[in-house]
Peer 1: 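Encoded as structure tokens, here's the structure I'll be asking about.
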Amino acid sequence: MVKAAVLHAPHDLRIEEMALAEPGPGEVAVRIRAGGICGSDLHYYHKGGFGAVRLQQPMALGHEVAGEVLAVGDGVTRVRPGQLVAVNPSLPCGTCRYCQAGMQNHCLDMRFYGSAMRFPHVQGGFREALVCDASQAVPVPEGVAAETAAFAEPLSVCLHAARQAGPLMGQRVLVVGVGPIGMLTLLVARHAGAREVVVTDIADSPLALARRLGAAQALNTAAEPSAMDRFRADKGHFDVVFEASGSGPGLADALSAARPGATVVQIGTGGDVPLPLSTLVAKEITLRGTFRFHEEFAWAVGFLASGAIDVSPLLTEVVPLAEAIRAFDLASDRSRAMKVQLAL
């Protein structure tokens, strides 16, 4: 039996015991060391779900996890006991038409940790140990901390979003909304060679961090509604916009500041929002969605291990599992936290 952070209903998070099975053929048992609290975890914690997805049974939360291999099942040669691994929360079926077309992130039978999208729900990674498919355990080089490796999942999301945008070398980039995903998108864009990255938000604390991470400008559009006006002149300024807030005003800002022919990548999801169709059409803007990731997970581990993308400034605090409620409350406060992790 292992301890886990299990959500029963909004704001009803309990530390409970869950059974841990022995790894079967092709499986790996992992002792989880660090797990990041994601925006979707917060949606479950505060609202019991998001959109049409609702919690229907108790579920362990968490999908940004890393830890040490405890044991391996028959036929596993990729990892060995004692090795640090980042755990990919996605397990596509490999046989549906989307998997066969190389679009595994759209798998029709996806199993994703800490997700209530299917029933029974897929239990999440906020537990002391779990058993996963060997393909999900991505080796991490020695010398990398578990807390760093646990950033692999959100960084994967941003790497996939960057692929949706196309080459960023020499591009003028706008990131709307700098929570953890927006902040990681800023780092990805800078690493990819963007010549200018401007970010916007409605809170001062994340904007201050964005400046330290290299944003050319970090603008509070709530405190200064006219802050974006100069970027709207002459039909827009930015070649690529990443909309990471999931809000209607954020998307409107994205489209108004994008130049004709620009690409806007919608990362944030906050429910249905108005779409300024006239702007989209008149400026011939390409609006693209982005959903999860696949091969980008291994890339993310590589970037983190090499230090090419340094996520350490984003980590606010590592909180013991026993204090999970405090961790979720802290992660919910944007004035105090960027990324909060649980130590399991």
Side-chain angles (χ1 to χ4, degrees), residues 4 7 18-30 32 35-36 38-41 43-44 49-67 69-79 85-127 129-140 149-150 152-161 163-164 267 269 288-302:
L7 187 70
M18 298 181 67
L20 178 68
E22 293 291 327
E27 293 182 332
V28 175
V30 180
I32 301 301
C38 175
S40 61
D41 295 319
H43 276 291
Y44 283 122
F50 53 91
V53 178
R54 295 287 121 187
L55 193 71
Q56 300 179 59
Q57 63 180 162
M59 181 179 75
L61 297 176
H63 55 267
E64 303 177 4
V65 295
V69 175
L70 285 173
V72 300
D74 291 343
V76 176
T77 58
R78 183 184 189 187
V79 296
V85 295
V87 180
N88 187 336
S90 299
L91 184 61
C93 70
T95 58
C96 73
R97 59 175 176 152
Y98 295 112
C99 285
Q100 291 295 302
M103 301 170 66
Q104 291 91 338
N105 57 316
H106 293 286
C107 174
L108 294 174
D109 193 25
M110 174 69 80
R111 299 187 62 83
F112 193 92
Y113 283 143
S115 172
M117 293 182 73
R118 58 189 296 158
F119 188 87
H121 302 334
V122 182
Q123 297 298 316
F126 289 163
R127 37 184 157 154
L130 55 79
V131 173
C132 64
D133 189 87
S135 65
Q136 294 174 271
V138 179
V140 177
E153 194 277 343
L155 181 56
S156 303
V157 170
C158 302
L159 291 172
H160 186 72
R163 293 183 75 190
Q164 296 293 84
I267 308 175
T269 56
R288 304 199 67 176
T290 181
F291 183 66
R292 290 182 182 163
F293 50 84
H294 184 61
E295 63 265 40
E296 294 91 352
F297 192 88
W299 302 357
V301 172

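Quick caveat: nothing in here was measured; it's all calculated off a predicted structure.
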Peer 1: Considering non-hydrogen atoms only, spot the tightest contact between G36 and D41 and give its length.
Peer 2: O-OD2, 3.8 Å
Peer 1: Would you check if the side chain of Q100 reaches a backbone N or O of G94 as a donor-acceptor pair within less than 3.5 Å?
Peer 2: yes
Peer 1: Mark yes or no for whether R127, through its side chain, and M18, through its backbone, hold a donor-acceptor pair below 3.5 Å.
Peer 2: no
Peer 1: How close do A86 and V140 get, heavy atom to heavy atom, and via which atoms?
Peer 2: N-CG2, 3.5 Å
Peer 1: Which atom pair, heavy atoms only, marks the closest approach of S40 to F50?
Peer 2: CB-CE2, 4.3 Å
Peer 1: Is it true that a side-chain atom of Q56 and a backbone atom of A116 form a donor plus acceptor pair closer than 3.5 Å?
Peer 2: no
Peer 1: Does P139 offer a backbone N or O that forms a donor-acceptor pair with the side chain of R78 under 3.5 Å?
Peer 2: no
Peer 1: What closest approach, in Å, do Y98 and C107 show between heavy atoms, and which atom pair accounts for it?
Peer 2: CB-N, 4.5 Å
Peer 1: Any sub-3.5 Å donor-acceptor pair from N105's side-chain atoms to H294's backbone N or O?
Peer 2: no
Peer 1: With rounding to the nearest 0.5 angstrom, report the CZ to OG1 distance, R97 to T95.
Peer 2: 13.0 Å
Peer 1: Only one of P154, C158, S156 passes side chain to side chain contact (heavy atoms under 4.5 Å, CB included) with F293; say which it is.
Peer 2: S156
Peer 1: Determine whether V30 and V85 satisfy the following criterion, side chain to side chain contact (heavy atoms under 4.5 Å, CB included), listing intermediate values before the conclusion.
Peer 2: CA-CA 8 Å; V30 180; V85 295; 4.0 Å; yes
Peer 1: Please report the interatomic distance OH(Y113) to CG(L61), rounded to the nearest 0.5 Å.
Peer 2: 14.5 Å
Peer 1: Hey, is the main chain of H121 close enough, under 3.5 Å, to the side chain of Q57 for a donor-acceptor pair?
Peer 2: yes
Peer 1: Going through the checks in order, is the side chain to side chain contact (heavy atoms under 4.5 Å, CB included) test met by S135 and L91?
Peer 2: CA-CA 8 Å; S135 65; L91 184 61; 4.1 Å; yes
Peer 1: If you round to the nearest 0.5 Å, how far is CZ of F126 from CG of L7?
Peer 2: 11.5 Å
Peer 1: Quick one, R163 and W299 - any side-chain contact, counting heavy atoms below 4.5 Å?
Peer 2: yes
Peer 1: Can you name the nearest heavy-atom pair linking D109 to C93, along with the distance?
Peer 2: CB-CB, 4.0 Å
Peer 1: Within the structure provided, determine whether M110 and R118 are in side-chain contact (heavy-atom separation under 4.5 Å).
Peer 2: no
Peer 1: Just to verify, which of E295, R292, E296 counts as forming a side chain to side chain donor-acceptor pair (under 3.5 Å) with H160?
Peer 2: E296
Peer 1: For Q123 and A60, indicate whether the former's side chain and the latter's backbone hold a donor-acceptor pair under 3.5 Å.
Peer 2: yes
Peer 1: With a 3.5 Å distance limit and no angle check, can you tell me whether Q136 reaches the backbone of N88 through a side-chain donor-acceptor pair?
Peer 2: yes
Peer 1: Measure the spacing between CG of D133 and CZ of R111 and express it to the nearest 0.5 Å.
Peer 2: 11.0 Å
Peer 1: Give me the atom names and distance for the closest heavy-atom approach of H63 to F112.
Peer 2: CG-CE2, 3.7 Å
